[in-house]
**Q** 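Quick one: the structure is below, questions incoming.
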Amino acid sequence: MKRLLFGLAMVALSTSAMAQDAAGKKYQAGLVFGPGMNFQAMGTTRMASLGVGSDMTLGANVNIGLTETIAFTTGAEFDFERLRFSNGTKPVYYWYSDKQILQQGDVANATNPQLFQLIERRQRVTYLTIPTMLMFRTNFIGYFRYFGKFGLRNSILLSNKYNDTGVDLDPEIPIGTPTAVVQENMEASGEMLIFKSAVGAAGGAEWNFVGSTSLVAEIGFYYGFTPLFLDRDANKTTLFTSVVNNDEGADINFSNQARQSQLMLKLSILF
């Protein structure tokens, strides 16, 4: 019985000692990665969201201990997003030249502009995200401690590409004989807002599995309160739709409108 009690005491002491390696650190830094889902809330009926988008996060985080149970989390994360849109209640069009989608004010001076009817848009967007969050965490219970986070994810747009499915409407070809195409790696200057921000909360657990090294898992939801797209003047828009009034067509220029929420799962290795 004494040997059993002695053995249990030694296990408890070693567990406490290993947990203290991580618990006593003011700074924890390491790699973070994980998948997520994007939900686009549309602000226009002229474009529609095609289901849930995806996100993959890769980067580095640092936890700065403010007290034993409160820390500040920041870092640098790259978000690789995939979004899908389609035309809304009416057909949607744009003009393009080579790989550049043209603004309305540039069409008249463009070289050989082509008209395109948009049916589906797959968008690839890359952001640099800087999280600024407060972490509230428990003391270690054995090898584990648990936490909750609340704060902002602020993102800067790095790149934006479109893969568009639709119909090429060459002015020289009769409207009844369109050519279906997929246009890859298309660009549209200044269409997206260069900055976005989301407020949210996350929760998870930290496992101090060896020395001061920890494996962290968390899940969080973030609500975007900034728009994804710029609401631009008519001559700077790229998209337009047509309506018929008294047998005459009239173009309506518009910008896509959407806000984004995200559900994210993250895994981190902190040292």
Side-chain angles (χ1 to χ4, degrees), residues 28-44 47-64 66 70-85 121-137 147-162 187-204 216-233 236-239 254-268:
Q28 288 180 292
L31 303 177
V32 59
F33 61 96
M37 294 186 292
N38 300 325
F39 308 91
Q40 281 58 245
M42 303 304 297
T44 176
M47 293 288 287
S49 176
L50 284 178
V52 177
S54 65
D55 180 273
M56 176 57 68
T57 297
L58 298 171
N61 279 177
V62 57
N63 295 333
I64 304 170
L66 304 178
I70 301 176
F72 176 73
T73 299
T74 186
E77 302 173 359
F78 292 95
D79 287 325
F80 303 94
E81 297 187 5
R82 299 292 185 269
L83 313 176
R84 292 177 62 204
F85 299 98
R121 167 165 284 180
R122 294 176 180 265
Q123 196 165 347
R124 294 174 290 131
V125 191
T126 303
Y127 287 99
L128 171 62
T129 298
I130 301 174
T132 54
M133 307 189 75
L134 275 179
M135 175 191 289
F136 303 91
R137 56 194 180 188
F147 63 86
K149 291 181 180 179
F150 178 80
L152 299 173
R153 298 187 80 243
N154 300 308
S155 303
I156 300 171
L157 179 68
L158 298 181
S159 69
N160 176 39
K161 300 280 188 179
Y162 301 109
E187 299 181 359
S189 301
E191 190 160 277
M192 297 195 73
L193 195 66
I194 195 171
F195 173 84
K196 73 170 183 175
S197 187
V199 60
V216 181
E218 68 177 80
I219 187 169
F221 181 80
Y222 302 90
Y223 172 77
F225 56 87
T226 57
L228 293 180
F229 302 93
L230 283 170
D231 187 9
R232 300 187 292 182
D233 295 335
K236 293 185 178 181
T237 60
T238 59
L239 304 174
F254 70 95
S255 300
N256 197 4
Q257 298 178 38
R259 295 179 189 271
Q260 184 183 78
S261 296
Q262 294 178 301
L263 181 65
M264 308 189 76
L265 173 65
K266 290 184 179 180
L267 297 175
S268 306

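Because the structure is a prediction, the values reported are computed rather than measured.
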**Q** Taking only distance into account, with no hydrogens and no angle test, what donor-acceptor pairs under 3.5 Å do side-chain atoms of residues 218-229 form with protein atoms, sequence neighbours excluded?
**A**
{"from": "E218", "atom 1": "OE1", "to": "K149", "atom 2": "NZ", "distance (Å)": "2.9"}
{"from": "T226", "atom 1": "OG1", "to": "S197", "atom 2": "N", "distance (Å)": "2.9"}

**Q** Less than 4.5 Å apart, side chain to side chain, heavy atoms only: is that true for Q28 and V216?
**A** no
**Q** How long is the straight-line distance from CD of Q123 back to CE of M192, given to the nearest 0.5 Å?
**A**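 That separation rounds to 5.0 Å.
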**Q** Would you say F72 and T132 make side-chain contact, with heavy atoms under 4.5 Å?
**A**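 In short, these two side chains touch, coming nearer than 4.5 Å.
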**Q** Considering all heavy atoms of both residues, which atom of S255 and which atom of T237 are nearest to each other, and what is their separation?
**A**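 So the two residues come closest at OG-CG2, 3.5 Å.
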**Q** Below 4.5 Å, heavy atoms only, C-beta onward: do R84 and Q40 meet side chain to side chain?
**A**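 SC-SC contact between R84 and Q40 ruled out.
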**Q** Sort out for me which residue in N160, L158, I156 forms a side-chain contact (heavy atoms from CB on, under 4.5 Å) with T126.
**A** L158
**Q** Do N154 and F195 have side-chain heavy atoms sitting under 4.5 Å apart?
**A**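 Of all side-chain heavy-atom pairs linking F195 with N154, at least one is under 4.5 Å.
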**Q** Looking at P131, is its backbone amide N or carbonyl O close enough to the side chain of T74 to form a donor-acceptor pair, meaning the two atoms are under 3.5 Å apart?
**A**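 Confirmed, T74 side chain pairs with P131 backbone.
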**Q** May I ask you to test the R153-Y127 pair for a side-chain heavy-atom distance under 4.5 Å?
**A** no
**Q** If you look at every heavy atom in A60 and V32, which pair is closest and at what distance?
**A** N-CG1, 3.8 Å
**Q** Kindly give the heavy-atom pair with the smallest separation between M56 and G34, and that separation in Å.
**A**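 Distance-wise, the nearest heavy atoms are SD-O, 3.3 Å.
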**Q** Just grab all the side chain to side chain donor-acceptor pair (under 3.5 Å) pairs involving residues 47-61, residues at least two apart or on different chains.
**A**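 Checked against side chain to side chain donor-acceptor pair (under 3.5 Å) - neighbours excluded - the pairs reaching residues 47-61 are D55-T57, T57-D79, N61-E77.
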**Q** Does the side chain of L134 come within less than 4.5 Å of F150's, by heavy atoms?
**A** no
**Q** Working to the nearest 0.5 Å, report the span between CZ of R259 and CE of M42.
**A**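 One finds 12.0 Å between CZ of R259 and CE of M42.
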**Q** From E81 CD over to R124 CZ, what is the distance, rounded to the nearest 0.5 angstrom?
**A** 13.5 Å
**Q** Is there a side-chain contact between V125 and L157 (heavy atoms, below 4.5 Å)?
**A**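 Yes, at least one pair of side-chain atoms sits under 4.5 Å.
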**Q** Hey, is CG on L50 packed in by over 12 heavy atoms from elsewhere, all under 6.0 Å?
**A**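 Counting other residues, nucleotides and ligands, CG of L50 exceeds 12 neighbours.
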**Q** Enter the distance from L128:CG to S159:OG here, rounded to the nearest 0.5 Å.
**A**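 L128 CG to S159 OG: 11.5 Å, rounded to 0.5 Å.
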**Q** Counting heavy atoms not belonging to F80, are there more than 12 under 6.0 Å from its CZ?
**A** yes
**Q** Could you measure the distance from the CG atom of L230 to the CG atom of N256? Nearest 0.5 Å is fine.
**A**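 Here the rounded value is 11.5 Å.
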**Q** Working to the nearest 0.5 Å, report the span between CZ of F136 and CG of L66.
**A** 9.0 Å
**Q** What residues, two or more places apart in sequence or in another chain, satisfy salt bridge (Lys or Arg N to Asp or Glu O under 4.0 Å) together with K161?
**A**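 Salt bridge (Lys or Arg N to Asp or Glu O under 4.0 Å) list for K161, sorted by chain: E187.
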